[in-house]
Amino acid sequence: MTDRVRQVMREVPRRRFLPKAERAWAGLDRALDIGYGATCSQPSTVVRLLELLDARPGHRVLDVGSGSGWTTAMLARLVSPDGWVVGVEIVPELVERSRAALEAHDVQGARVEQAVKGVLGRPADGPYDRILVSAEAHDVPQPLLDQLADGGRMVVPVRGRLVTAELHDGKVSTESEGWYSFVPLQGS
């Protein structure tokens with residue numbers, strides 16, 4: 001684990017972003033139920049996602065499937081002081097819960113928006129330097145690649161593998177690794 005990711009994991013405890021019934025298990029390395037068919041990914045997976053994404057100060061970040069708001073909050077720390085993060089979530093109740101958690105813990109430079117039906121990501125705020133997807137796609141989603149800035153990077157689970165896609169001069173290169181389990185990405 002990189003020093004930056006280790007530090008942000010300490011600064012933004014998972015427990016703060018979980019439903020009360022799940023907080024006792026916050027320290028376990030497993031996905032936890034946050035309701036509505038969604039989960040808060042296990043910490044070891046989140047570490048790998050953040051390492052691959054390599055969000056840096058000043059970056060503009062899209063967090064697709066922001067769920068509990070935990071990754072959104074960590075990303076905000078990684079891109080501060082001059083960057084920002086917008087999370088999108090399809091479940092209205094999770095949008096409200098994660099907004100409340102971000103506010104309660106005074107997370108600066110981050111917000112969570114309701115996903116628009118039929119629109120993957122949030123094109124209106126793009127392009128993004130980094131895009132993190134916390135739900136499994138069938139293929140690397142072209143609508144999200146279209147929201148990536150030149151020189152940008154996206155990390156997305158595709159058919160059980162973590163795919164890192166980078167855009168340089170209009171050309172996309174990809175690498176994949178590991179075997180992971182995520183909830184399905186709607187609209188992919």
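Heads up: numbering here begins at 1 and tracks the sequence.
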Might you work through the side chain to side chain contact (heavy atoms under 4.5 Å, CB included) test for I131 and Q147, ending with a clear yes or no? CA-CA 9 Å; I131 299 175; Q147 295 170 55; 4.2 Å; yes
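- Residues S176 and V158 form no side-chain contact, since every pair of their non-hydrogen atoms from C-beta on lies 4.5 Å or further apart.
- To the nearest 0.5 angstrom, S80 atom OG is 13.0 Å from R56 atom CZ.
- S66 and T71 make their closest contact through O-OG1, 4.5 Å (heavy atoms, listed as atom of the first residue, atom of the second, distance).
- Applying the ring pair (Phe, Tyr, Trp, His ring centres under 6.0 Å) test to residues at least two apart or on different chains, the pairs with a partner in residues 95-136 are F17-H105.
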Please lay out, stage by stage, how L132 and V64 fare under the test side chain to side chain contact (heavy atoms under 4.5 Å, CB included). CA-CA 6 Å; L132 177 64; V64 178; over 6 Å; no
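- Donor-acceptor pairing under 3.5 Å is recorded for the side chains of Q142 and D146.
- Side-chain contact between E136 and L185 is absent, with no heavy atoms from C-beta onward closer than 4.5 Å.
- Between G151 and R130, the shortest heavy-atom distance links the atoms O-NH1, 3.9 Å.
- With sequence neighbours excluded, the residues satisfying side-chain contact (heavy atoms from CB on, under 4.5 Å) with L167 are L148, D150, V172.
- Scanning all heavy atoms of the two residues, the minimum distance from V12 to A73 falls at CG1-CB, 3.7 Å.
- Residues satisfying the salt bridge (Lys or Arg N to Asp or Glu O under 4.0 Å) test with E103, not counting sequence neighbours, are none.
- With sequence neighbours left out, E113 forms a salt bridge (Lys or Arg N to Asp or Glu O under 4.0 Å) with R99, R111.
- Remark: A149 engages R60, P127, D129 in a side-chain contact (heavy atoms from CB on, under 4.5 Å) (not counting sequence neighbours).
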For M74 and M9, run side chain to side chain contact (heavy atoms under 4.5 Å, CB included): C-alpha distance rounded to whole Å, both residues' side-chain angles, the deciding distance at 0.1 Å, then the answer. CA-CA 7 Å; M74 287 188 288; M9 294 287 280; 3.4 Å; yes
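- Side-chain N/O atoms of T39 and D33 include no donor and acceptor closer than 3.5 Å.
- Applying the salt bridge (charged side-chain N to carboxylate O under 4.0 Å, His left out) rule to pairs touching residues 85-94 yields nothing, sequence neighbours excluded.
- For the atom pair E11 CD and R6 CZ, the distance stands at 13.0 Å (nearest 0.5 Å).
- Separating the CD atom in Q7 from the CG atom in L78 is a distance of 9.0 Å, to the nearest 0.5 Å.
- Side chain of Q114 to backbone of I90: a donor-acceptor contact under 3.5 angstrom is found.
- You'll find the side chain of T164 stays beyond 4.5 Å of the side chain of M154, heavy atoms only.
- Evaluation of the side-chain contact (heavy atoms from CB on, under 4.5 Å) rule for L162 yields R48, L49, L52, P157, E177, Y180, F182 as partners, not counting sequence neighbours.
- Among residues two or more places apart in sequence or in another chain, the side chain to side chain donor-acceptor pair (under 3.5 Å) test is passed with R16 by none.
- Contact detail for G35 and L94: the closest heavy-atom pair is O-CD1, 4.2 Å.
- Note on residues 32-67: no pairs pass ring pair (Phe, Tyr, Trp, His ring centres under 6.0 Å), not counting sequence neighbours.
- For H168, the ring pair (Phe, Tyr, Trp, His ring centres under 6.0 Å) criterion is met by no residue, not counting sequence neighbours.
- Taking hydrophobic clusters as Ile, Leu, Val, Met, Phe, Trp and Tyr residues chained together by side-chain heavy-atom distances below 4.5 Å, V5 shares a cluster with V107.
- In this structure, CG in L50 is found 8.5 Å from OG1 in T2, a value given to the nearest 0.5 Å.
- L32 and V47 fall into different hydrophobic clusters, defined by Ile, Leu, Val, Met, Phe, Trp and Tyr side-chain heavy atoms under 4.5 Å apart, directly or through other members.
- Here OG1 of T45 is found 6.5 Å from CG of D29. Values are rounded to the nearest 0.5 Å.
- Qualifying salt bridge (Lys or Arg N to Asp or Glu O under 4.0 Å) partners for R15, counting only residues two or more places apart in sequence or in other chains: none.
- Shown here are the side-chain contact (heavy atoms from CB on, under 4.5 Å) partners of L28, two or more places apart in sequence or in another chain: W25, R30.
- A pairwise comparison of heavy atoms in S68 and C40 identifies OG-SG, 4.0 Å as the closest pair.
- Exactly one of V88, D125, V133, V85 qualifies for a side chain to side chain contact (heavy atoms under 4.5 Å, CB included) with L62. That residue is V88.
- To the nearest 0.5 angstrom, Q108 atom CD is 9.5 Å from R77 atom CZ.
- In this structure, S98 and V112 approach most closely via the heavy-atom pair OG-CG1, 3.5 Å.
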Go through the steps to decide whether V79 and W84 satisfy the test side chain to side chain contact (heavy atoms under 4.5 Å, CB included), and finish with yes or no. CA-CA 6 Å; V79 301; W84 51 263; 5.6 Å; no
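- Hydrophobic clustering (ILVMFWY, side-chain heavy atoms < 4.5 Å, transitive): V61 and V95 are in one cluster.
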